[in-house]
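Submitted below is the structure of interest, expressed as structure tokens.
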Amino acid sequence: MKSIQNCLWFDGQAREAAEFYCSVFPNSRITRVQYYPEGAPGPAGEVMYVEFTLDGREFAGLNGGPQFPHSEAVSFVVPVESDEENDRYYAALVAGGSERPCGWLKDRFGVSWQVVPVEADEWMRDPDPEKANRVFAAMLQMHGKLDIETLRKAYLG
């Protein structure tokens, strides 16, 4: 059995989005492009469906029209291990999009992402609730990219 696949609904931008995401993440590629046939609900010959792999995970993009825009109800978390990764992924994904609180962003296609340092996730799960709460409180004060050093200082008290 194939694994579960994420499918993102686009309004004519599925291939462009797939190409963009594949340029951002390593180990990524477009694996299939399917076009609307004659008599289908979409324009014949236009891209209907794109399958792609992002860092080893399977995704699909469907050009289904404008009726279902993306929302924050579905998002993707990018765990990063360094300031350099944090800066690179955040800058690439937010370009043409918009910043949100707590490391969240919307990319230029309206898809929501959160770029999160692996350390911050560990700190927020610390068995010492005071440490975890300080990290959480510091994160709540941030708009846009998370500042790893500020979070580290909050964790250490």
Side-chain angles (χ1 to χ4, degrees), residues 1-127 132 135-136 139-140 142 144-148 151 155:
M1 180 175 138
K2 273 187 94 172
S3 63
I4 294 172
Q5 182 182 62
N6 299 298
C7 183
L8 300 171
W9 183 288
F10 294 94
D11 182 16
Q13 300 169 310
R15 185 176 197 147
E16 180 186 349
E19 289 170 349
F20 169 68
Y21 299 142
C22 287
S23 76
V24 171
F25 296 99
N27 190 27
S28 301
R29 65 189 178 94
I30 292 176
T31 55
R32 182 170 75 116
V33 179
Q34 186 176 346
Y35 300 89
Y36 278 108
E38 291 290 333
E46 298 275 326
V47 172
M48 176 178 72
Y49 188 77
V50 180
E51 288 184 348
F52 54 104
T53 302
L54 296 182
D55 200 16
R57 295 188 184 266
E58 291 186 16
F59 285 80
L62 172 69
N63 279 328
Q67 58 271 45
F68 299 114
H70 297 284
S71 81
E72 290 85 353
V74 174
S75 62
F76 300 99
V77 176
V78 180
V80 295
E81 296 183 3
S82 67
D83 284 324
E84 179 184 281
E85 278 190 342
N86 191 37
D87 294 346
R88 183 171 55 87
Y89 283 117
Y90 194 91
L93 291 168
V94 79
S98 60
E99 293 186 317
R100 300 290 199 247
C102 303
W104 291 96
L105 64 93
K106 273 196 169 211
D107 68 23
R108 67 182 187 228
F109 304 102
V111 176
S112 294
W113 301 82
Q114 187 183 36
V115 181
V116 180
V118 172
E119 289 174 303
D121 184 51
E122 292 168 4
W123 295 331
M124 290 180 59
R125 288 187 279 127
D126 192 290
V135 173
F136 185 68
M139 188 179 289
L140 287 176
M142 296 179 188
K145 182 181 71 163
L146 295 177
D147 181 332
I148 298 172
L151 295 174
Y155 177 72

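Please read all numbers here as calculations on a predicted model, not as lab measurements.
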Sidechain-backbone polar pair: Gln114 side chain, Ser75 backbone, donor-acceptor under 3.5 Å: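 No, because the side chain of Gln114 does not come within donor-acceptor range (under 3.5 Å) of the backbone of Ser75.
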Which pair of heavy atoms, one from Tyr36 and one from Pro43, lies closest together, and at what distance?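 Nearest heavy atoms, Tyr36 then Pro43: CB-O, 3.3 Å.
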Heavy-atom side-chain contact between Tyr49 and Cys7 under 4.5 Å: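 The answer is yes, as the side chains (C-beta and beyond) meet within the 4.5 Å cut-off.
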Using a 4.5 Å cut-off on heavy atoms from C-beta on, say whether the side chain of Val94 contacts that of Lys145.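 When only atoms from C-beta onward are counted, Val94 and Lys145 do not touch, as no gap falls below 4.5 Å.
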If you apply the rule side chain to side chain contact (heavy atoms under 4.5 Å, CB included), what do you find for Arg108 with Phe20, and how did you get there? CA-CA 10 Å; Arg108 67 182 187 228; Phe20 169 68; 3.5 Å; yes
Residue pairs passing the salt bridge (charged side-chain N to carboxylate O under 4.0 Å, His left out) test where at least one lies in residues 113-124, sequence neighbours excluded: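 Output for this query lists Glu119-Arg152, Asp121-Arg125.
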Counterpart residues, side-chain contact (heavy atoms from CB on, under 4.5 Å), relative to Gln67 (two or more places apart):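 Gln67 satisfies side-chain contact (heavy atoms from CB on, under 4.5 Å) with Trp9 once adjacent residues are dropped.
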Donor-acceptor check, side chain of Asn63 to backbone of Val47, threshold 3.5 angstrom: yes or no?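 Yes, because the side chain of Asn63 sits within donor-acceptor range (under 3.5 Å) of the backbone of Val47.
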Please report the closest heavy-atom contact between Val74 and Ser112, naming both atoms and the distance.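 Reported closest heavy-atom pair: O-CB, 4.0 Å.
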Of all heavy-atom pairs between Pro66 and Pro69, which one has the smallest distance, and what is that distance?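 Looks like O-CD, 3.9 Å.
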Counting C-beta onward and ignoring hydrogens, is there a side-chain heavy-atom pair between Phe59 and Tyr21 closer than 4.5 Å?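 No, too far: nothing below the 4.5 Å cut-off.
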Taking C-beta and beyond as the side chain, do Ser98 and Leu105 meet within less than 4.5 Å on heavy atoms?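 Ser98 does not reach Leu105 side chain to side chain.
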For Phe136, I'd like to know if atom CZ has over 12 heavy atoms of other residues, nucleotides or ligands within 6.0 Å.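 12 or below, so no.
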Met139 CE to Asp147 CG distance, which is reported to the nearest 0.5 Å: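 That separation rounds to 11.0 Å.
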Measuring from Ile30:CD1 to Glu51:CD, what's the distance to the nearest 0.5 Å?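 Answer for the CD1-CD pair, Ile30 versus Glu51, is 11.0 Å.
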About how many Å separate OG1 of Thr31 and CD of Glu58, when rounded to the nearest 0.5 Å?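 That separation rounds to 7.0 Å.
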How about Arg88: does its CZ atom have over 12 heavy atoms from other parts shown lying under 6.0 Å from it?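 Yes, CZ of Arg88 has more than 12 neighbouring heavy atoms, counting only those of other groups under 6.0 Å.
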Do you know the tightest heavy-atom contact between Tyr35 and Gly45?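 The answer is CD2-O, 3.3 Å.
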Is a donor on one side and an acceptor on the other found under 3.5 Å between the side chain of Asn86 and the backbone of Leu146?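 Here the side-chain-to-backbone pair exists.
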By the salt bridge (charged side-chain N to carboxylate O under 4.0 Å, His left out) test, which pairs, at least two apart or in different chains, include something from residues 60-73?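 Pairs touching residues 60-73 that pass the test: Glu72-Arg100, Glu72-Lys106.
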Is the closest side-chain heavy-atom distance between Pro101 and Leu140 below 4.5 Å?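 Side-chain contact under 4.5 Å: no.
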Over all atoms of both residues, closest heavy-atom pair of Val24 and Ala92: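 Looking at all heavy atoms of both residues, the closest pair is CG2-CB, 4.0 Å.
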Compare all side-chain heavy atoms of Asp55 with those of Val78 and state whether any distance is below 4.5 angstrom.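 They are not in side-chain contact.
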Do you know the tightest heavy-atom contact between Ser28 and Leu54?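 Taking every non-hydrogen atom into account, OG-CA, 3.2 Å.
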Would you call Phe10 and His70 a side-chain contact if the rule is heavy atoms closer than 4.5 Å?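 Phe10 vs His70: side chains touch.
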Give a yes or no on this: more than 12 heavy atoms of other residues, nucleotides or ligands lie within 6.0 Å of atom CZ of Arg32.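 Yes, the 6.0 Å shell around CZ holds more than 12 heavy atoms from other groups.
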Among Tyr90, Phe76, Tyr89, Trp104, exactly one meets ring pair (Phe, Tyr, Trp, His ring centres under 6.0 Å) together with Trp113. Which residue is that?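 Among the candidates, only Phe76 passes.
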Nearest 0.5 Å, what's the OG1-CD distance between Thr53 and Gln5?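 Output value for this atom pair is 8.5 Å.
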